[in-house]
Protein chains: 2
Amino acid sequence: MVSAEKPAAARRASPGAGLPPTTLVLPGDEPTAAALIAAAVEVMAVHGYHGTSVRDIAAAAGTSPAILYHHFTSKQVLLATMLDRGLDVLIAATEQALDLAGEDPADRLRAVVEAHVRVHLDSQRESLLGNSELRALDPSSLRVVVAKRDVQQRIFDRVIRDGVRREVFGTTYPEDTARFVTSACTAVAAWYRAGGPLSAEEIVRHHQEIALDAVRWRR
Amino acid sequence: MVSAEKPAAARRASPGAGLPPTTLVLPGDEPTAAALIAAAVEVMAVHGYHGTSVRDIAAAAGTSPAILYHHFTSKQVLLATMLDRGLDVLIAATEQALDLAGEDPADRLRAVVEAHVRVHLDSQRESLLGNSELRALDPSSLRVVVAKRDVQQRIFDRVIRDGVRREVFGTTYPEDTARFVTSACTAVAAWYRAGGPLSAEEIVRHHQEIALDAVRWRR
DNA sequence: CCGTCCTTTGAACGAACGTTCAGATCGGCT
DNA sequence: AGCCGATCTGAACGTTCGTTCAAAGGACGG
């Protein structure tokens with residue numbers, strides 16, 4: 001061969017080049033698997049699971065479609081991996097925030113609201129995916145993900161119920177208020193746009209304040 | 001995607017037989033078009049737009065796939081029709097509730113919360129569809145639907161801002177609180193299950209109470 | 001420099017997709 | 001009865017889907 005053309009593999013950009021990092025990639029992941037996850041987050045968050053083809057993912061990752069099946073057993077498993085890891089990130093962030101918070105129920109509610117909102121702002125695409133594609137999961141993966149989602153919901157339940165028991169919060173319906181608050185905090189991933197009128201900091205603070213009002217915090 | 005094994009003889013009986021009614025069907029609709037819409041609501045609410053094939057819709061409606069193209073120019077247009085009508089229903093219910101409410105800001109917030117929650121409970125599948133499949137719309141349909149969504153959001157904005165101006169509500173962030181409340185009220189479509197521990201009436205009342213707390217209603 | 005193992009590839013598979021179309025069927029008018 | 005327009009159908013169109021596979025490429029120890 002006379003031409004200076006590099007072989008196909010080298011002609012390609014390195015896998016995952018140009019993709020933003022994602023919280024769903026773990027340190028142990030092989031580079032190509034990480035690129036596929038990051039690419040799937042990007043594309044699926046926009047077009048959904050069924051609206052995204054394996055070829056779309058591979059193209060966004062800068063690899064070939066077939067390689068997906070070397071790192072994951074199916075497109076379905078790739079989705080399940082992402083959603084599962086996403087909830088691990090959310091729960092870990094929330095539990096860590098609670099560990100750092102003190103005993104005051106208002107501080108504790110502020111902490112979990114901040115963690116929840118911040119994850120949904122910082123990992124907006126991952127969160128959107130996790131909130132809209134549960135229906136695309138196979139039954140056994142769905143069970144796992146729903147269970148983890150319940151864990152997160154129960155953290156809010158516990159914080160609010162605890163505040164009510166200590167008479168710092170006055171809400172009549174602790175469980176409904178907990179769901180009310182988590183729903184609103186989850187929704188930020190659906191409407192937030194970077195560069196909009198509100199900064200992430202403002203959104204976090206406002207949600208903390210409104211959540212405290214919703215539980216009838218006795219200031 | 002979705003299996004259907006109805007015998008041909010039963011299919012010919014009457015289109016749409018066995019489907020629950022939907023708010024998205026208008027009086028002027030031809031029966032087969034109505035059956036297609038009702039079927040699409042049922043199947044798409046579960047599997048999403050891209051996860052539902054034209055054959056799935058036709059099977060659920062008890063007709064043949066080709067007939068869809070006699071009543072709608074494409075699967076895309078069928079979706080756009082449903083989402084557009086769904087928002088018309090929501091906005092009409094909310095505006096009518098406001099008309100019936102008096103001058104008291106608390107009553108007016110109760111009214112819009114009740115209307116919004118009730119639509120999302122009574123038309124759960126239609127609402128789920130409307131909240132998750134905006135991304136499947138073509139740009140021009142999306143513009144229309146987003147505009148109507150903004151109309152609904154502005155109704156809440158206006159009610160809450162009005163309450164603040166009259167010093168009946170004390171919230172510091174009227175606009176953020178409005179979004180907080182609508183987000184939580186929209187989310188009921190995602191978690192409500194008929195036959196669960198809460199009746200529709202209870203859910204409506206609790207959401208009214210929590211919303212009033214969130215805006216710092218001065219009782 | 002060869003052999004080995006892991007990674008990656010292009011090409012191909014059958015199935016399912018949205019859509020089209022010529023013709024069957026039907027109700028209503030003359 | 002005979003016709004007509006609207007409604008509906010089965011069969012097919014070309015495309016794209018998720019997935020498989022034999023083989024090539026690359027890194028590396030011997």
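Reminder, nothing fancy here: chain letters follow the sequence lines and each chain counts from 1.
Between B:H71 and D:dC8, a side-chain N or O to OP1/OP2 separation shorter than 4.0 Å is present.
Under the ring-ring contact (aromatic ring centres under 6.0 Å, His included) criterion, A:F72 pairs with no residue, sequence neighbours left out. The side chain to side chain contact (heavy atoms under 4.5 Å, CB included) test applied to A:D157 returns A:Q153, A:R154, A:R161, A:E175, A:A178, not counting sequence neighbours. Applying the salt bridge (charged side-chain N to carboxylate O under 4.0 Å, His left out) rule to A:D176 yields the partners A:R179; only residues at least two apart in sequence or on another chain are considered. Every residue was checked against the ring-ring contact (aromatic ring centres under 6.0 Å, His included) condition with A:H71, not counting sequence neighbours, and none meets it. Partners of B:F156 by ring-ring contact (aromatic ring centres under 6.0 Å, His included), not counting sequence neighbours, listed by chain and number: B:H116. For B:R143, the salt bridge (charged side-chain N to carboxylate O under 4.0 Å, His left out) criterion is met by no residue, not counting sequence neighbours. Under the rule for a side-chain hydrogen bond (donor to acceptor under 3.5 Å, both in side chains), the partners of A:S140 that lie at least two apart in sequence or sit in another chain are A:D138.
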Scan the side chains in residues 194-201 of chain A for donor-acceptor partners under 3.5 Å anywhere in the protein, sequence neighbours excluded, and list what turns up.
from: A:S199; atom 1: OG; to: A:E201; atom 2: N; distance (Å): 3.4
from: A:S199; atom 1: OG; to: A:E202; atom 2: N; distance (Å): 3.1
from: A:S199; atom 1: OG; to: A:E202; atom 2: OE1; distance (Å): 3.4
from: A:E201; atom 1: OE1; to: A:R118; atom 2: NH2; distance (Å): 3.2
from: A:E201; atom 1: OE2; to: A:R118; atom 2: NH1; distance (Å): 3.0

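The interatomic distance linking B:D29 (CG) with D:dT7 (P) rounds to 13 Å, in whole Å. Taking atom CZ of B:F72 as the reference point, atom P of D:dT7 lies 13 Å away to the nearest angstrom. Distance CE (B:M44) to P (C:dC17): 12 Å, rounded to an integer number of Å. D:dT7 atom P lies 4 Å from atom NE2 of B:H70, rounded to whole Å. The separation between A:I67 atom CD1 and C:dG10 atom C1' is 13 Å, rounded to whole Å.
Side chain of B:T32, nearest nucleotide from D:dT7, D:dC8, C:dT7: D:dC8.
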Please list each protein N or O that sits under 3.5 Å from an N or O in nucleotides 23-28 of chain C, with the distance.
none

Pairs under 3.5 Å (N/O, protein and nucleotides 17-21 of chain D):
from: D:dG18; atom 1: OP1; to: A:T52; atom 2: O; distance (Å): 3.4
from: D:dG18; atom 1: OP1; to: A:K75; atom 2: NZ; distance (Å): 2.5
from: D:dG18; atom 1: OP2; to: A:V54; atom 2: N; distance (Å): 2.8
from: D:dG18; atom 1: N7; to: A:R55; atom 2: NH1; distance (Å): 2.9
from: D:dG18; atom 1: O6; to: A:R55; atom 2: NH2; distance (Å): 2.9
from: D:dT19; atom 1: OP2; to: A:Y69; atom 2: OH; distance (Å): 2.5
from: D:dT19; atom 1: OP2; to: A:K75; atom 2: N; distance (Å): 3.0
from: D:dT19; atom 1: O5'; to: A:Y69; atom 2: OH; distance (Å): 3.2

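Within the structure, the side-chain hydrogen bond (donor to acceptor under 3.5 Å, both in side chains) test picks out the following pairs touching residues 18-37 of chain B (sequence neighbours left out): B:T22-B:E126, B:T23-B:S123, B:D29-B:R85.
With 3.5 Å as the limit, one finds a donor-acceptor pair spanning the side chains of B:S53 and B:D56.
A:E95 has no carboxylate O lying under 4.0 Å from a charged side-chain N of A:K148, or vice versa, which leaves the two without a salt bridge.
Rounded to 10 degrees, the angle separating the terminal helix axes of the helix from C:dC1-D:dG30 to C:dT30-D:dA1, each built from five base pairs, is 10°.
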